[in-house]
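Remarks on the structure that follows.
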Amino acid sequence: MQRYFTITQLTQEFDITTRTLRFYEAQGLVTPQRRGRQRLYTPGDRTRIKLILRGKRLGFSLAEVKELIGMYGSAPGEAGQLRLLMEKIAARREELLEKQRDIELTLLELEEVEAGALARMEELSPVTSEER
DNA sequence: TTTCTCACA
DNA sequence: TGTGAGCA
């Protein structure tokens, strides 16, 4: 006895649009069955969608998520899949760390500019000892 | 309602 | 990586 989900059920559950789900299908990330022209999503499809959304949250592209999930019904957690996942995690971590460094440098530069601006203001209108 | 295609950001 | 419009 197979239980199916309709596209609207899934869009409501995951707070995405039907356009998005069909887009994922067009990209080959999910392959729902059809009843006539209607899409029927299995619990397995639903799990895939969960994985897609989690991958997106982690900053992976749809292409990467597709690689990670595996085009063919390979069971999640297979050795090769896990190795690939570890590689993706390492790459993603490097990306984020680099961005973090960039942000820190920018923050430092902002402080320098601010210090210069404050010094200049002080030159233009010094705070007198009376005002203190 | 759902689907599809095309244009668009 | 999606969205909007127009159609059937």
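A note on names: the letters A, B, ... follow the listed sequences, proteins ahead of strands, and every chain is numbered from 1.
Judged by distance alone, the side chains of A/Gln9 and A/Tyr41 never bring a donor and an acceptor atom under 3.5 Å apart. In summary, the side chains of A/Thr20 and A/Thr17 do present a donor paired with an acceptor at a separation below 3.5 Å, with no hydrogens or angles considered.
Between A/Tyr24 and C/dT1 there is no side-chain N or O to OP1 or OP2 distance below 4.0 Å. At least one side-chain nitrogen or oxygen of A/Thr8 sits closer than 4.0 Å to the OP1 or OP2 atom of B/dT2.
Going from atom CG of A/Leu62 over to atom C1' of C/dG2 covers 9 Å, rounded to whole Å. Summarising the geometry, the separation between CD on A/Gln27 and C1' on C/dG2 is reported as 9 Å, rounded to the nearest angstrom. At whole-Å resolution of the value, CZ in A/Arg37 and C1' in B/dC4 are 10 Å apart. Atom-to-atom, CZ of A/Phe23 to C1' of B/dT2 comes out at 19 Å; the value is rounded to the nearest Å. We find that CD of A/Gln9 is positioned 10 Å from P of B/dT2, with the value rounded to whole Å. Atom-to-atom, CZ of A/Arg34 to P of B/dT1 comes out at 19 Å; the value is rounded to the nearest Å. Look at CG on A/Leu40: it is 14 Å from C1' on B/dT3, rounded to the nearest Å.
Contacts of A/Arg35 with the nucleic acid, taken as non-hydrogen atoms under 4.0 Å apart, are absent.
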CA sep, side-chain torsions, deciding dist, call: A/Glu64, A/Arg92, salt bridge (charged side-chain N to carboxylate O under 4.0 Å, His left out): CA-CA 11 Å; A/Glu64 286 173 318; A/Arg92 180 62 179 147; over 6 Å; no
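In this structure, A/Arg3 is positioned above the aromatic face of A/Phe5, its NZ or CZ under 6.0 Å from the six-membered ring centre and within 45° of the axis.
Contacts of A/Arg120 classified as salt bridge (charged side-chain N to carboxylate O under 4.0 Å, His left out), with partners at least two apart in sequence or in another chain: A/Glu123. Residues passing the side chain to side chain contact (heavy atoms under 4.5 Å, CB included) test with A/Gln100, sequence neighbours excluded: A/Leu97, A/Glu104. Applying the side chain to side chain contact (heavy atoms under 4.5 Å, CB included) criterion to A/Arg37, with sequence neighbours excluded, gives no partner residue.
The stretch residues 12-22 of chain A comes close to DNA chain B through A/Arg19, A/Arg22, each having a heavy atom under 4.0 Å from the strand.
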Per-nucleotide pairing state of DNA chain B [Watson-Crick or G-U, under 3.5 Å; [ ] pseudoknot-crossing; | other strand]: .|.||||||
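For the salt bridge (charged side-chain N to carboxylate O under 4.0 Å, His left out) condition, the pairs that include at least one residue of residues 7-20 of chain A, sequence neighbours left out, are A/Glu13-A/Arg46.
A/Lys99 has no carboxylate O lying under 4.0 Å from a charged side-chain N of A/Glu95, or vice versa, which leaves the two without a salt bridge.
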